[in-house]
K.L.:
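Sharing a structure, written as structure tokens. Questions coming.
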Amino acid sequence: MIDVRLSSRFPSERPADVAVLFQFSEEARPWGSTDSRLVQRIGRLARGDSFRGRRGQSFLWHAGTRVAKRWLLIGLGDRQSWDVQQLRQVCAIVVQRCRQIGARSVSLPLADPRALDTAESAVIERMVAALASASLRFDKYRSKPEKADALKRASIHVPGKLSSSRRGASERGKLEARAIQFTQELVNEPGGALPPRELAMRAQRMARRTGLTCRVLDEAGLKRQGMGAILGVGAGSSQPPRLIHLSYRPKGRVRSKVALVGKGITFDSGGLSLKPATSMEDMKSDKAGAAAVLGAMSVVPALGLPLEVHAVVAAAENMPGGRALKPGDVVRTCSGKTVEVLNTDAEGRLVLADALTYAARLGVKEMVDVATLTGAIMIALGTKVFGVMGNRPEIVGRLRRAAAEAGEQVWELPLVPAYREQLKSSIADLKNTGDRWGGAIFAGLFLEAFVDRSVSWAHLDIAGPAFSGKGRPGAPKGASGTPVPTLLRYLELTAEA
Ligand code: BES
Ligand code: MN
Ligand code: ZN
């Protein structure tokens with residue numbers, strides 16, 4: 001992770017390796033430096049090179065001056081659509097460009113809080129988080145690193161004093177980047193290297209480091225709790241399933257009690273309802289929900305919120321071994337409800353059913369589950385947006401606000417009451433698959449059936465943005481760390497409410 005810091009000078013070093021200026025597309029010249037002659041000159045040079053300030057557009061000037069070796073002009077697009085999410089992407093582009101040119105350090109101006117309609121501390125927080133997490137790489141399996149990574153430091157220019165609120169915002173941003181890093185490392189880890197037991201061990205190690213309480217249910221524990229769904233999904237694998245429970249209790253007063261619940265399928269082959277080979281390629285990422293919940297949890301003690309926070313992860317490997325669930329089998333969940341498993345590839349909802357019941361029994365007021373649950377959500381929302389569903393408008397609204405403030409994209413899907421019909425099984429209480437259409441909603445309705453109405457509950461289906469095997473513009477190859485920023489902001493908003 002590169003070192004991101006605040007600096008009251010711009011550029012922070014002289015000569016700066018790279019100094020960044022920003023420009024909106026409808027404006028004639030860049031901003032970011034108080035040296036107006038220099039700004040004018042760079043603006044002219046860039047225009048001559050057909051730079052127009054379009055979002056993501058960049059112009060590099062090898063100035064070789066005493067102030068900076070290179071100036072990098074970055075387009076922000078039009079002011080109208082400029083928001084926190086765009087800021088996040090622009091920070092990623094800055095890091096990417098600096099890497100391409102082999103820069104060791106970069107100085108950039110603080111984005112204008114007025115243009116973003118937000119507080120300065122929020123802008124600092126977003127920029128620090130985005131710059132630090134844009135720089136993450138997963139290269140532990142390369143015998144030699146692809147290319148030495150020169151970029152070591154980014155300095156954000158804040159004119160005036162480095163007040164404690166500014167430093168606090170910067171620290172908060174760094175915490176988020178660390179949570180994202182923890183998440184990405186778990187998601188990127190191959191299925192063979194991170195079976196449920198190993199995931200539980202990593203959670204345990206993290207808990208010890210951060211002062212969280214950790215409890216792990218092994219097979220015997222799962223049996224005692226009657227968790228027939230998690231056991232059923234894990235039955236086809238030689239790697240036994242686990243339930244991981246981390247908790248945080250603040251020292252002082254407790255404003256609320258919440259649980260984050262994660263789907264931790266360490267590899268999803270589909271089970272006997274086997275996936276085709278190409279659909280299986282990225283299925284090590286089926287633990288992304290669990291990884292996000294653990295990543296967020298890893299910084300909860302440092303956030304110091306007046307919230308009791310629980311993380312509950314259902315970890316299993318979905319494989320077609322000799323003891324695997326068969327289509328048509330019935331499992332008994334720990335809620336007592338039975339489920340006819342018509343498709344063993346719809347395993348996430350099964351393990352989550354047990355995990356949600358476990359979480360509710362902790363006496364939480366609300367819970368949010370996070371899962372790479374359906375291919376259908378990818379059809380509906382694509383690869384940049386995750387879905388949210390919930391049993392109360394208030395919690396869904398809070399999550400949507402959290403995502404907007406954190407720079408992530410979420411869209412609500414309706415839990416259409418009429419579709420509940422599809423949950424009915426001919427031999428058990430429920431079945432695990434519905435019609436061909438509306439698959440993400442069906443999965444949401446299935447989960448809802450395991451949540452008591454007295455608990456506020458929301459479900460995040462992150463199958464689209466969680467992982468990209470090929471890499472996408474602005475997003476890294478592999479795990480994205482979604483929705484860690486949203487979860488952290490959600491916890492903060494919940495503590496304020
Ligand atoms: N883990 C998958 C969902 C998924 C698909 C995540 C693609 C990321 C990328 C989930 O367990 C699954 O297989 N869902 C099935 C459900 C179906 C059998 C009802 C699906 O979406 O096809
Ligand atoms: Mn599946
Ligand atoms: Zn799955």
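The basis for the numbers below is simple: all heavy atoms, side chains too, and nothing from hydrogens, waters or symmetry mates. Counting starts at 1 for both ligands and their atoms, in listed order. Throughout, numbering of the chain's residues begins at 1 and tracks the sequence. Values in this document were obtained by computation on a predicted structure and should not be read as measured data.
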K.L.:
If every non-hydrogen atom of Leu87 is compared with every non-hydrogen atom of Trp82, which pair is closest and at what distance?
P.N.:
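The pair with the smallest heavy-atom distance is CA-CH2, 3.6 Å.
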K.L.:
Do Asn343 and ligand 1 have an N or O pair less than 3.5 Å apart?
P.N.:
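No.
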K.L.:
Can you sort out which atoms of ligand 1 are near Asp268, meaning under 4.0 Å from one of its heavy atoms?
P.N.:
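With Asp268 as reference, the close atoms of ligand 1 come out as 1 (N), 2 (C), 10 (C), 11 (O), 13 (O).
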K.L.:
Please tell me whether Tyr490 and Glu405 have a donor and an acceptor in their side chains that are separated by less than 3.5 angstrom.
P.N.:
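Judged by distance alone, the side chains do not pair up.
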K.L.:
So, Arg398 and Glu366, do they make that salt bridge, N to O below 4.0 Å?
P.N.:
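Here Arg398 pairs with Glu366 in a salt bridge, since their nearest N and O are under 4.0 Å apart.
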K.L.:
For ligand 1, which atoms, with element, lie under 4.0 Å from some heavy atom of Met378?
P.N.:
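Atoms satisfying the 4.0 Å criterion: 7 (C), 9 (C).
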K.L.:
May I ask which of Glu347, Arg349, Glu281 has a heavy atom nearer to atom 11 (O) of ligand 1 than the others do?
P.N.:
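Nearest heavy atom to atom 11 (O) of ligand 1 lies in Glu347.
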K.L.:
Is the backbone of Thr482 close enough, under 3.5 Å, to the side chain of Thr486 for a donor and an acceptor to pair up by distance?
P.N.:
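Not confirmed, Thr486 side chain does not pair with Thr482 backbone.
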K.L.:
Nearest 0.5 Å please: distance from the CG atom of Leu356 over to the CZ atom of Arg361.
P.N.:
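Going from the CG atom of Leu356 to the CZ atom of Arg361 covers 11.5 Å.
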K.L.:
If you measure only the distance, is there a donor-acceptor pair under 3.5 Å linking the side chains of Trp457 and Asp452?
P.N.:
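Looking only at side-chain atoms, Asp452 and Trp457 do not form any donor-acceptor pair under 3.5 Å.
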K.L.:
I want to know if ligand 1 touches Thr374 in the polar sense, i.e. an N/O pair below 3.5 angstrom.
P.N.:
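So ligand 1 has no N or O lying under 3.5 Å from an N or O of Thr374.
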K.L.:
For atom 12 (C) of ligand 1, what is the nearest protein heavy atom, given as residue, atom name and distance?
P.N.:
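Ranking protein heavy atoms by distance from atom 12 (C) of ligand 1, first comes Asp345 O, 3.2 Å.
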K.L.:
Anything protein N/O/S under 2.8 Å from the Zn ion (ligand 3)? Just list residue and atom, please.
P.N.:
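For the Zn ion (ligand 3), the protein N, O and S atoms that sit under 2.8 Å away are Lys263 NZ, Asp268 OD2, Asp286 OD2, Glu347 OE2.
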K.L.:
Counting each atom of ligand 1 from 1 as listed, which ones have a heavy atom of Thr372 under 4.0 Å away?
P.N.:
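Listed by number with element: 1 (N), 2 (C), 3 (C), 6 (C).
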K.L.:
Taking distance alone, with N or O pairs closer than 3.5 Å, would you say Gly375 contacts ligand 1?
P.N.:
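N/O-N/O distance below 3.5 Å exists for this pair.
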K.L.:
Note the single closest protein heavy atom to atom 1 (N) of ligand 1, along with its residue, its atom name and the distance in Å.
P.N.:
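Sorting protein heavy atoms by distance from atom 1 (N) of ligand 1 puts Asp286 OD1, 2.8 Å first.
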K.L.:
Would you check if there is a donor-acceptor pair between the side chains of Arg97 and Ser58 at a distance under 3.5 Å?
P.N.:
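Note: Ser58 and Arg97 side chains meet the donor-acceptor criterion.
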K.L.:
Could you verify whether a donor N or O on one side chain and an acceptor N or O on the other, from Glu448 and Asn391, lie under 3.5 Å apart?
P.N.:
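Not at all, the side chains of Glu448 and Asn391 share no donor-acceptor pair under 3.5 Å.
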K.L.:
Would a distance-only check, ignoring hydrogens and angles, find a side-chain to backbone donor-acceptor pair under 3.5 Å from Asp329 to Lys326?
P.N.:
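Confirmed, Asp329 side chain pairs with Lys326 backbone.
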K.L.:
Under 4.0 Å from a heavy atom of Lys263: give me the atoms of ligand 1 that qualify, with their elements.
P.N.:
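Counting from 1, the qualifying ligand atoms are 1 (N), 10 (C), 11 (O).
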K.L.:
I'd like to know if Glu347 pairs up with Lys263 as an ion pair, taking the criterion as any Lys NZ or Arg NE/NH1/NH2 lying under 4.0 Å from an Asp or Glu carboxylate oxygen.
P.N.:
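Salt bridge: yes.
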K.L.:
With no hydrogens and no angle check, just 3.5 Å: does a side-chain donor-acceptor pair link Thr433 and Asn343?
P.N.:
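No, no side-chain donor-acceptor pair sits under 3.5 Å.
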K.L.:
Looking only at heavy atoms, is any part of Asn432 under 4.0 Å from ligand 1, and if so is it the side chain, the backbone, or both, or is it neither?
P.N.:
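The answer is neither; Asn432 stays 4.0 Å or more away.
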K.L.:
What is the closest protein heavy atom to atom 10 (C) of ligand 1, and at what distance does it sit?
P.N.:
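So the nearest neighbour among protein heavy atoms is Leu373 O, 3.3 Å.
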K.L.:
What do you get for the angle at the Mn ion (ligand 2) between OD2 on Asp268 and OE1 on Glu347, to the nearest 10 degrees?
P.N.:
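Once rounded, the angle between the two atoms at the Mn ion (ligand 2) is 100°.
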K.L.:
Using only heavy-atom distances, determine whether the side chains of Thr357 and Ser335 contain a donor-acceptor pair under 3.5 Å.
P.N.:
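Thr357 vs Ser335: no donor-acceptor pair found between side chains.
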K.L.:
What is the minimum heavy-atom distance between Met367 and Val364, and which atoms define it?
P.N.:
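Heavy atoms only, the tightest pair is SD-CG2, 4.2 Å.
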K.L.:
Under 3.5 Å, N or O to N or O, is Thr433 touching ligand 1 that way?
P.N.:
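N/O-N/O distance under 3.5 Å: no.
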K.L.:
From Asp345, does some N, O or S atom reach closer than 2.8 Å to the Mn ion (ligand 2)?
P.N.:
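It does; at least one qualifying atom falls short of 2.8 Å.
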K.L.:
Ignoring hydrogens and angles, tell me if any N or O in the side chain of Ser285 forms a donor-acceptor pair with the backbone of Asp282 under 3.5 Å.
P.N.:
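A pair under 3.5 Å: yes.
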K.L.:
Please list, in number order, the atoms of ligand 1 under 4.0 Å from a heavy atom of Ala463.
P.N.:
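Atoms satisfying the 4.0 Å criterion: 6 (C), 8 (C).
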K.L.:
Report the nearest protein non-hydrogen atom to atom 7 (C) of ligand 1: residue, atom name, distance rounded to 0.1 Å.
P.N.:
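Result for atom 7 (C) of ligand 1: Met283 CE, 3.6 Å.
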